[in-house]
Chemist: 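The structure under discussion is supplied below as structure tokens; questions concerning it will follow.
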2 protein chains.
Amino acid sequence: MRHYRIPDETVKRLPVYLRGAVLLLKDGKKSLSSGELAGFIGASPAQIRKDFSYFGAFGTRGVGYDTPKLIKQISKILKLNKRHKAVLVGIGNLGTAIMVYTGFSIYGFSIEAAFDNDAKKIGKKINGITIEDIAKLRTIRAKKIQIAILAVTSGQAQRVAESLVNNGIKGILNFSPCRLEVPKNIKVISIDIALDMARLPYYMPKT
Amino acid sequence: MRHYRIPDETVKRLPVYLRGAVLLLKDGKKSLSSGELAGFIGASPAQIRKDFSYFGAFGTRGVGYDTPKLIKQISKILKLNKRHKAVLVGIGNLGTAIMVYTGFSIYGFSIEAAFDNDAKKIGKKINGITIEDIAKLRTIRAKKIQIAILAVTSGQAQRVAESLVNNGIKGILNFSPCRLEVPKNIKVISIDIALDMARLPYYMPKT
DNA sequence: GTATGTGAATCTCTTCACAGCA
DNA sequence: TGCTGTGAAGAGATTCACATAC
């Protein structure tokens, strides 16, 4: 039964469930119980069932979930049932790594354009994508790209983010260690490597 | 006043507060109120005060926080008051990017060793660090390295993680998209880029 | 018999609102 | 007066336990 509000934590877990289901299907598991999936990804069965319940009833009582059907359902919830084009801005070391990273494709993402402001990089080709001058960012609108990956320096991030939003971007995966101020209909998800690293010592025993 | 249990969410925010305080101090702010810090990093003043209160009383009523003192206090809580040596395993595209990434240093981390299993990479030098054969991982114990950054493929991650733990590593920053099974006194923090990307479309309006 | 789906209970985290102190 | 520090209240997320359906 559809509830009024879906917990954010639930949305965070859905991609984990999706990946788990995909891997288990590859392994030949045509059908899954919440317990099997839980064991595979390291979660609790009750959590999985509760999370699914926010979106409806996916399974069969006494049996479990049909794996391909489950994959379709989660994909649809996450709007991953269609492919998504993405643009990458900032082709430094991290940007290059992201460019050749293959992990996005299982969720249906493909990087369709890349921009930088460094003349030495513009015109170069990585993975079949030619790096363009950031001054020509507006071309992403015609390409109907709505997702951006931001891998520029902190100093440039806010300015580039605004430019992206002005050119039709609706969601940003942000790798710069700073807060982005964007209109509230734009979703920003930030990955801050140093921030995560910084809390490791807290949890480590003794020295 | 020290409470029995510190919320995990609080620990996640401490590095944000720390970075904010450092940046504001650089900007000349010798003293801070919870409201100023909150505005700078995008949080609520009450949240900041509550978070600090788990560890004691850092400020002066009616005045605020002495910025350098605050930085020291948070650093101490996070055990960032000493420098931490880290080892990087997996010098692919992402590993190389991490190797040259400068964002760790403000928290006192330095990468002191790097390993890979690719003969073509072994012996190469990046940023002053020579890439060593992963077969020689045991040398990290003598160097007293307790933190590892794992940037190998999913297939190798579990095996390498075990090897790291066997050689004295107490905390792992894991970039591979898989769960690591480690003894429970070992802390793993995972960064899964594709997973974060995968929930972007959910939040985006329309198509 | 077996595993889902879900209200209720529990636990955790955040916000409030104000006492306490410079 | 002004801002911290903190119990209490409120909101949010997880776990429990069982009715429900195959």
Side-chain angles (χ1 to χ4, degrees), chain A residues 1-17 20-21 24 29-74 77 199 202-203, chain B residues 1-17 20-21 24 29-74 77 199 202-203:
Chain A
M1 204 164 311
R2 184 169 287 268
H3 285 53
Y4 179 62
R5 176 161 164 78
I6 314 288
D8 241 355
E9 299 301 311
T10 293
V11 179
K12 274 191 195 155
R13 284 186 295 264
L14 289 178
V16 183
Y17 301 156
L24 287 167
K29 291 211 73 69
K30 304 266 188 207
S31 161
L32 279 181
S33 71
S34 60
E36 286 172 306
L37 183 56
F40 186 70
I41 61 169
S44 83
Q47 175 94 266
I48 291 177
R49 294 200 303 276
K50 175 61 98 178
D51 283 341
F52 289 168
S53 80
Y54 291 114
F55 303 96
F58 298 177
T60 310
R61 293 179 194 220
V63 179
Y65 304 91
D66 177 75
T67 316
K69 194 173 148 195
L70 184 64
I71 291 170
K72 259 184 210 147
Q73 307 254 35
I74 303 175
I77 294 166
R199 69 200 157 89
Y202 176 86
Y203 294 101
Chain B
M1 206 163 312
R2 185 169 288 265
H3 286 54
Y4 180 61
R5 175 161 165 79
I6 313 286
D8 242 354
E9 299 301 312
T10 293
V11 179
K12 276 191 194 153
R13 283 185 295 262
L14 289 178
V16 183
Y17 301 156
L24 286 167
K29 289 211 75 69
K30 303 263 185 209
S31 162
L32 277 181
S33 71
S34 60
E36 285 172 306
L37 184 55
F40 186 70
I41 62 170
S44 84
Q47 175 108 81
I48 291 178
R49 293 201 304 274
K50 176 60 98 178
D51 283 341
F52 289 168
S53 80
Y54 291 114
F55 303 96
F58 297 177
T60 310
R61 293 177 193 223
V63 179
Y65 303 92
D66 176 75
T67 316
K69 195 174 148 196
L70 184 65
I71 291 169
K72 258 183 210 149
Q73 306 254 36
I74 303 176
I77 294 166
R199 70 200 154 89
Y202 176 86
Y203 293 102

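Below, read A as the first sequence line, B as the second, and so on, with proteins coming before strands; counting in each chain starts at 1.
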Chemist: Between Lys69(A) (NZ) and dT4(C) (P), how many Å, whole number?
Modeler: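 Spelled out: NZ on Lys69(A) to P on dT4(C) is 13 Å.
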
Chemist: Nearest nucleotide by nearest heavy atom, which residue falls closer to the 5' end of DNA chain D, Thr10(A) or Gly64(B)?
Modeler: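 Its nearest nucleotide being more 5', the pick is Gly64(B).
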
Chemist: Would one find a side-chain N or O of Thr60(B) under 4.0 angstrom from OP1 or OP2 of dT4(D)?
Modeler: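 For dT4(D), neither OP1 nor OP2 has a side-chain N or O of Thr60(B) closer than 4.0 Å.
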
Chemist: I need the CG-P distance between Asp51(A) and dT15(D), as an integer number of Å.
Modeler: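 Interatomic distance, CG of Asp51(A) to P of dT15(D): 10 Å.
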
Chemist: Tell me whether the OP1 or OP2 atom of dC16(D) has a side-chain N or O from Arg49(A) closer than 4.0 Å.
Modeler: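 The answer is no; no side-chain N or O of Arg49(A) sits under 4.0 Å from OP1 or OP2.
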
Chemist: Is Ser44(B) close enough to dT15(C) that one of its side-chain N or O atoms is under 4.0 Å from OP1 or OP2 there?
Modeler: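 Yes, Ser44(B) has a side-chain N/O under 4.0 Å of OP1/OP2 on dT15(C).
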
Chemist: What is the separation between atom CG on Leu32(B) and atom C1' on dG5(D), rounded to the nearest whole Å?
Modeler: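 Interatomic distance, CG of Leu32(B) to C1' of dG5(D): 17 Å.
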
Chemist: Are the side chains of Gln47(B) and Phe52(B) in touch, meaning some heavy atoms are under 4.5 Å apart?
Modeler: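 No, too far: nothing below the 4.5 Å cut-off.
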
Chemist: Between dC3(D) atom C1' and Lys29(B) atom NZ, what is the distance in whole Å?
Modeler: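 Atom NZ in Lys29(B) sits about 14 Å away from atom C1' in dC3(D).
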
Chemist: Nearest whole angstrom, please: distance from the C1' of dG7(C) to the OH of Tyr54(A).
Modeler: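 To the nearest whole Å, that distance equals 11 Å.
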
Chemist: For the residue pair Leu32(A) and Phe40(A), establish whether any side-chain heavy-atom pair is separated by less than 4.5 Å.
Modeler: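 They are not in contact (no side-chain heavy atoms under 4.5 Å apart), so the answer is no.
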
Chemist: I need the CD1-C1' distance between Ile48(B) and dT6(D), as an integer number of Å.
Modeler: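 My rounded result for the distance is 16 Å.
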
Chemist: With distance as the sole criterion, do the side chain of Arg61(B) and the base of dG20(C) form a donor-acceptor contact below 3.5 Å?
Modeler: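 Such a pair exists between side chain and base.
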
Chemist: Between P on dC13(C) and CG on Asp8(A), what's the gap in Å once rounded to a whole number?
Modeler: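 So the CG-P distance, Asp8(A) to dC13(C), works out to 16 Å.
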
Chemist: At under 4.0 Å between heavy atoms, what does Phe52(B) touch on the DNA or RNA strands: base, sugar-phosphate, or nothing?
Modeler: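 If one applies the 4.0 Å heavy-atom cut-off, Phe52(B) turns out to touch nothing in the nucleic acid.
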
Chemist: Contact between Thr60(B) and Tyr65(B) at the side-chain level, heavy atoms closer than 4.5 Å - yes or no?
Modeler: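 No, side chains not in contact.
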
Chemist: Mapping Gly62(A) and Phe58(A) onto DNA chain C by nearest heavy atom, which one lands closer to the 5' end?
Modeler: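 Closest to the 5' end, via its nearest nucleotide, is Gly62(A).
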
Chemist: If the cut-off is 4.0 Å, is Tyr65(A) near the phosphate of dC22(D), judged by side-chain N/O to OP1 or OP2?
Modeler: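 No, no such contact exists.
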
Chemist: Does any donor atom in the side chain of Asp66(A) or Ser31(A) lie under 3.5 Å from an acceptor atom in the other side chain?
Modeler: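 Distance-only check fails for Asp66(A) and Ser31(A).
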
Chemist: Looking at side-chain heavy atoms only, is the closest gap between Lys12(B) and Tyr202(A) below 4.5 Å?
Modeler: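 No - every pair of side-chain heavy atoms lies 4.5 Å or more apart.
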
Chemist: Taking the nucleotide of DNA chain D with the closest heavy atom to each, which residue, Glu9(A) or Ala46(A), is nearer the 5' end?
Modeler: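 Its nearest nucleotide lies further toward 5', so the answer is Glu9(A).
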
Chemist: For dT15(D), take OP1 and OP2 only and decide whether either is under 4.0 Å from a side-chain N or O of Gln47(A).
Modeler: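 Gln47(A) to dT15(D) OP1/OP2: side-chain N or O found under 4.0 Å.
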
Chemist: Please check the phosphate of dC3(D) (OP1 and OP2 only) for any side-chain N or O of Ser34(B) closer than 4.0 Å.
Modeler: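 No, outside the criterion.
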
Chemist: With the side chain of Lys50(B) defined as its heavy atoms from C-beta on, choose the nearest nucleotide among dT14(D), dT4(C), dA8(D).
Modeler: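 Of the candidates, dA8(D) comes closest.
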
